[in-house]
Amino acid sequence: MYQTDGLVLEWVSPSITGQLGWLPEELVGQPATALISPAQDMSWVPTNRALLAGGHEVQQEMLLRAKD
């Protein structure tokens, strides 16, 4: 649904509008963490950051905030 450069949203799929109510241009340039639901368990963050720093790609399912 989106791609980041570090923790900044670099690209957001237009499908986000139908799924979460955001327009892609509202999110590009924003921190990716702004989309994460407060109910999301964040215990995976250190592992994913280490993998990214090591040059690996990561995929993670998470709860995201809707615009409304």
Side-chain angles (χ1 to χ4, degrees):
M1 185 185 295
Y2 65 82
Q3 182 176 350
T4 62
D5 181 5
L7 293 176
V8 177
L9 293 166
E10 187 174 73
W11 174 85
V12 180
S13 169
S15 69
I16 199 164
T17 304
Q19 297 296 314
L20 299 175
W22 301 101
L23 294 173
E25 56 270 20
E26 293 178 290
L27 299 172
V28 171
Q30 300 298 316
T33 54
L35 269 179
I36 299 174
S37 167
Q40 174 65 51
D41 171 18
M42 300 295 283
S43 62
W44 50 269
V45 171
T47 301
N48 280 13
R49 284 189 180 160
L51 288 168
L52 288 169
H56 301 278
E57 290 186 17
V58 297
Q59 294 182 7
Q60 181 69 45
E61 288 188 30
M62 63 187 85
L63 298 172
L64 300 177
R65 289 185 319 110
K67 186 173 181 176
D68 62 1

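Summarising the geometry of Ala32 relative to Thr4, their closest heavy-atom pair is CB-CG2, 3.7 Å, with the distance given to 0.1 Å. Nearest approach of Leu9 to Leu35, heavy atoms of both residues: CD1-CD1, 4.0 Å.
Between atom NZ of residue Lys67 and atom CG of residue Leu20 there is a gap of 11.5 Å, rounded to the nearest 0.5 Å. Taken to the nearest 0.5 Å, the OG1 atom of Thr47 stands 9.0 Å off from the CD atom of Gln60. We find the NE2-CG distance between His56 and Asn48 to be 11.5 Å, quoted to the nearest 0.5 Å. Separating the CG atom in Leu51 from the CD atom in Glu57 is a distance of 11.0 Å, to the nearest 0.5 Å.
Evaluation of the side-chain hydrogen bond (donor to acceptor under 3.5 Å, both in side chains) test over residues 9-24, restricted to residues two or more places apart or in two chains, returns Ser13-Ser15.
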Could you pull out all donor-acceptor pairs under 3.5 Å where a side-chain atom in residues 36-45 meets a protein atom, sequence neighbours excluded?
| unit_1 | atom_1 | unit_2 | atom_2 | d |
| --- | --- | --- | --- | --- |
| Ser37 | OG | Ala39 | N | 3.0 |
| Gln40 | OE1 | Leu63 | N | 2.5 |
| Asp41 | OD1 | Ser43 | N | 3.0 |
| Asp41 | OD1 | Ser43 | OG | 3.2 |
| Asp41 | OD2 | Ser43 | OG | 3.1 |
| Trp44 | NE1 | Asp41 | O | 2.8 |

Starting from the C-alpha separation in whole Å, work towards a yes-or-no answer on side chain to side chain contact (heavy atoms under 4.5 Å, CB included) for Leu7 and Arg49.
CA-CA 10 Å; Leu7 293 176; Arg49 284 189 180 160; 3.4 Å; yes
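Tyr2 and Val8 fall into different hydrophobic clusters, where Ile, Leu, Val, Met, Phe, Trp and Tyr residues are linked whenever their side-chain heavy atoms come under 4.5 Å apart, directly or through other members.
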